[in-house]
**Student:** 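Quick one: this structure, given as structure tokens, is what I'll be asking you about.
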Amino acid sequence: MPSSPSRRPLRRPVTVAAAVAAALTAGLVVLPQTAHAAGTRIHDIQGTTRVSPLAGKQVSGVPGVVTALRTFGSARGFWVQDPQPDDDPATSEAIFVFTGKTTPQVAVGDAVTVAGTVEEYYPGGKDAGLQSVTELTGATWQVTASGRPLPAAVRLDAAAIPGAYAPDADGGNIESLPLRPRSYALDLYESLEGMRVSVADAPVVGPTNAHHELWVTADPKHSRTARGGVLYGSYADPNPARIKIGSLLPLDTDPFPVADVGTTLGGTTEGPLDYDNFGGYTLQATTLGKVTGKAPAPEATRASRPGEVAVATYNVENLSPATGQAKFDRLAKGLVKNLAAPDVVALEEVQDNSGPTDDGTVAADGTLKKLTDAVKAAGGPAYAWRQIDPENDKDGGQPGGNIRVAFLYNPATVSFTDIPGGNATTPVEPRADHGRATLSASPGRIAPTDPAWQDSRKPLVGQFAVKGRPERRFFVVANHFNSKGGDQGLDSRFQQPARSSEKQRTAQAGLVNRFVKDLLAKDAKAEVVVAGDLNDYQFSPALKTLTAGGVLTDQVNGLPRAERYGYVYSGNSQVLDHMLTSPQLRGTDYDVVHLNAEYADQASDHDPQVLRIRP
């Protein structure tokens, strides 16, 4: 997935007069009179679409009860909810009052009247394509009473959340469309923006992350995986009942729960419904449930049987000598114990020897030695490796890291056929070899100067043979297609969201498909495994292009539907990593080994995969 910008971007500064600032410090502000929209209710501000009909205008005398405070970061403020709602389900009865870096001097339960400017805040900037948050800025307020009861939280459950996700505007902006909260989940969430909502006994479908967030589903029966997540199996169904849970509670006294997929956020969790640029609608908890249940144990694949050759793929997530030894040890243990020491491993996100330091280093022998040493220390084989150093800063990824794909292989079980000529810019080509296929270079890179690979990792092709059986040659293509950076989110204000990065991945898939076709033209019985992080789904245009003409079969489609995933993003269990095989490789045994993606404690954000080629 793409690297993320900073999680809490600085919002625009607030200008407050000195007298107002002093009154804020005292906790009481006398409201100035305004000639615009005096006595406005919150539902008048929110309106029946995603953008306020009063955007850019001054309002005053807006009544409500303080339901929650955000007292950290540069986006501080408080939520106010009107305890006297109107009869329109499309209008929210709550709003966020933004105070910037100033901690608001109000308390939950205070009855207030507020004045300020109505603004639409677009997380990540308007060009990011996300929806906006209607809020009051430059605000002043008066506390008229304290200790008021809070409005009841709206329960989010399967009965409340529509099965359809969003109106389809053929990629257009849905901001001006009237909200239909009984028809679309995104419309329902927007109609509850800022209001108190709750979930109860909700299955955890996205593990706790470093930013103290997790994902639950409010519809426990919808599209569940075999291990407790929710499956993203088509563009048409992004699982509308997924809800991100954050916290407004102090972490020192109310630690955020550490939860894995397969557990439950038990009891009731409630708070205002917020929206941000890292997961869309978020229940910002003022009351947090407790984690109950136990997640399934990390998986371990079976050992290879006599005559089988095991090929694996593993995204090791920006691995370099700068990475702590503990991660190397965990990856090594995973390779040896959970993956049963595969004969060949296609690695993705191997960084150069200086890691993220952008100093011109491109060699990665230090990274690979540190990993293979850790494997030996874990009781595994003495892996050798093959790779090609990229041109400096030409392959995307973390700046300075020069990530690339690489092969590990076990010389005791397979041999690598070294054919000179491979480098960062020379394309590898299939060659005829007495009725068999071979390569112009091994290892070699597929069309490395083609525009499809601009700022992206180039595929690495290697020719192998079974140890003691040199006639049993096979080819592995290691891949890491371009990321989804720049794509509009599932909760975008543009529906259906545009997937702009898809074009480059589809072009990349076409080049790999053409290479495999050329290889099979030299030998129709050639055994080819195409593996790696393709950054796209099994139903995507890129995978359709990669498998076009029947030259490759995507092994994930042979699994039971509930097992087709190896990555968890925004609470969706999905496929990004793939292993594909040429027609000659029939009767293979394929396994996605779940040991990372569903857990808060991860060695990588990807689950590895293993394909056993039968004799």
Side-chain angles (χ1 to χ4, degrees), residues 11 40-55 59 62-71 73 75-86 88-100 104 106-123 130-139 141 148-156 160-161 175 179 181 185-199 243-249 269-277 279-287 491 493:
R11 296 197 183 190
T40 305
R41 311 292 290 211
I42 292 174
H43 47 251
D44 298 323
I45 298 172
Q46 290 284 8
T48 59
T49 67
R50 285 174 163 78
V51 175
S52 171
L54 301 178
V59 294
V62 181
V65 175
V66 176
T67 62
L69 284 72
R70 180 185 284 133
T71 59
R76 303 182 191 191
F78 58 96
W79 284 268
V80 178
Q81 185 165 336
D82 193 333
Q84 299 178 15
D86 63 10
D88 191 341
T91 57
S92 171
E93 302 294 340
I95 197 165
F96 184 68
V97 180
F98 172 67
T99 61
V106 292
V108 172
D110 282 352
V112 294
T113 53
V114 186
T117 301
V118 179
E119 289 195 12
E120 295 291 336
Y121 170 65
Y122 290 87
L130 300 175
Q131 298 186 56
S132 62
V133 179
T134 304
E135 57 187 29
L136 294 179
T137 65
W141 60 87
R148 290 294 177 88
L150 304 186
V154 176
R155 176 64 59 86
L156 297 176
I161 300 171
E175 282 186 320
L179 295 175
L186 278 189
D187 285 10
L188 171 69
Y189 298 144
E190 178 64 21
S191 75
L192 298 172
E193 181 186 83
M195 293 176 61
R196 280 169 41 81
V197 300
S198 69
V199 293
I243 300 165
K244 189 168 74 172
I245 306 294
S247 178
L248 298 172
L249 300 170
T269 297
E270 63 184 20
L273 189 63
D274 194 15
Y275 181 90
D276 68 24
N277 53 330
Y281 290 99
T282 304
L283 194 168
Q284 298 286 10
T286 54
T287 299
D491 51 280
R493 67 181 184 275

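This chain uses plain numbering: 1 for the first residue, then up along the sequence.
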**Student:** Are F78 and W141 packed together at the side-chain level, in the sense that at least one heavy-atom pair is separated by less than 4.5 angstrom?
**Tutor:** yes

**Student:** For D110, which residues count as a side-chain contact (heavy atoms from CB on, under 4.5 Å) partner, sequence neighbours excluded?
**Tutor:** V66, V106, A107, V112, V143, S146

**Student:** CE of M195 to CG of D274: how many Å apart, nearest 0.5 Å?
**Tutor:** 14.5 Å

**Student:** Please name all residues satisfying side-chain hydrogen bond (donor to acceptor under 3.5 Å, both in side chains) with D88, sequence neighbours left out, ordered by chain then number.
**Tutor:** none

**Student:** Between T49 and V51, is there a donor-acceptor pair closer than 3.5 Å when you use the side chain of the first and the backbone of the second?
**Tutor:** yes

**Student:** By salt bridge (charged side-chain N to carboxylate O under 4.0 Å, His left out), which residues pair with E270, not counting sequence neighbours?
**Tutor:** R196

**Student:** Locate the shortest heavy-atom distance separating V80 from G64; write the atom from each residue and the value.
**Tutor:** CG1-CA, 3.4 Å

**Student:** Can you list everything that forms a side-chain hydrogen bond (donor to acceptor under 3.5 Å, both in side chains) with S92? Sequence neighbours excluded, please.
**Tutor:** none

**Student:** Rounded to the nearest 0.5 Å, what separation is found between the CD atom of E175 and the CD atom of E120?
**Tutor:** 7.5 Å

**Student:** Does P85 have any side-chain contact (heavy atoms from CB on, under 4.5 Å) partners at least two apart in sequence or in another chain, and if so, which?
**Tutor:** E93

**Student:** Indicate yes or no: at least one non-hydrogen side-chain atom of V62 is less than 4.5 angstrom from one of T113.
**Tutor:** no

**Student:** Restricting to non-hydrogen atoms, name the atom on S191 and the atom on P181 that form the minimum distance, rounded to 0.1 Å.
**Tutor:** OG-CB, 3.7 Å

**Student:** For the residue pair L283 and G271, what are the closest heavy atoms and their distance?
**Tutor:** CD2-N, 3.5 Å

**Student:** For a quick check under 3.5 Å, do S198 and R155 share a side-chain donor-acceptor pair by atom type?
**Tutor:** yes

**Student:** Within the 4.5 Å heavy-atom criterion, are P123 and Y275 side-chain neighbours or not?
**Tutor:** yes

**Student:** Would you mind reporting whether P104 and L69 have side-chain heavy atoms less than 4.5 Å apart?
**Tutor:** yes

**Student:** If you measure from OG1 on T117 to CZ on F98, what distance do you get to the nearest 0.5 Å?
**Tutor:** 12.5 Å

**Student:** For the pair D276 and Y281, evaluate side chain to side chain donor-acceptor pair (under 3.5 Å) and give the outcome as yes or no after the intermediate values.
**Tutor:** CA-CA 7 Å; D276 68 24; Y281 290 99; over 6 Å; no

**Student:** Do the side chains of E193 and T134 get nearer than 4.5 Å, heavy atoms only?
**Tutor:** yes

**Student:** Rounded to the nearest 0.5 Å, what separation is found between the CZ atom of F96 and the CD atom of Q284?
**Tutor:** 9.0 Å

**Student:** Where the side chain of R70 meets the backbone of G77, is there a donor-acceptor pair that is under 3.5 Å apart?
**Tutor:** no

**Student:** Who passes side-chain hydrogen bond (donor to acceptor under 3.5 Å, both in side chains) against S52, sequence neighbours left out?
**Tutor:** none

**Student:** Verify side chain to side chain contact (heavy atoms under 4.5 Å, CB included) between Y189 and I161, making sure each step is shown before the conclusion.
**Tutor:** CA-CA 9 Å; Y189 298 144; I161 300 171; 3.6 Å; yes

**Student:** Please report the interatomic distance CG(L136) to OG1(T40), rounded to the nearest 0.5 Å.
**Tutor:** 9.5 Å

**Student:** Test of understanding: with side-chain contact (heavy atoms from CB on, under 4.5 Å), list the residues that count as partners of P53, not counting sequence neighbours.
**Tutor:** none

**Student:** Just to verify, what does D82 make a salt bridge (charged side-chain N to carboxylate O under 4.0 Å, His left out) with, not counting sequence neighbours?
**Tutor:** R41

**Student:** Taking all atoms of both residues into account, what is the closest heavy-atom pair of G280 and D491, and its distance?
**Tutor:** CA-OD2, 3.5 Å

**Student:** Would you say that L156 contacts L192 through its side chain, given a criterion of any heavy-atom pair below 4.5 Å between the two side chains?
**Tutor:** yes

**Student:** How would you list, by chain and number, every residue that makes a side-chain hydrogen bond (donor to acceptor under 3.5 Å, both in side chains) with R50, sequence neighbours excluded?
**Tutor:** Q131, D187

**Student:** Are any of the side-chain heavy atoms of V59 and I45 separated by less than 4.5 Å?
**Tutor:** yes

**Student:** Between Q46 and T91, is the side chain to side chain donor-acceptor pair (under 3.5 Å) condition met? List the steps.
**Tutor:** CA-CA 6 Å; Q46 290 284 8; T91 57; over 6 Å; no

**Student:** Can you name the residues that form a side-chain contact (heavy atoms from CB on, under 4.5 Å) with A68, not counting sequence neighbours?
**Tutor:** W79, L248, P272, T286

**Student:** Does the T67 side chain pair with the main chain of V65, one donor and one acceptor, at a distance under 3.5 Å?
**Tutor:** no

**Student:** Using the salt bridge (charged side-chain N to carboxylate O under 4.0 Å, His left out) criterion, which residues pair with R148? Sequence neighbours excluded.
**Tutor:** none

**Student:** To the nearest 0.5 angstrom, please state how far the CG atom of L54 sits from the CG atom of D44.
**Tutor:** 7.0 Å

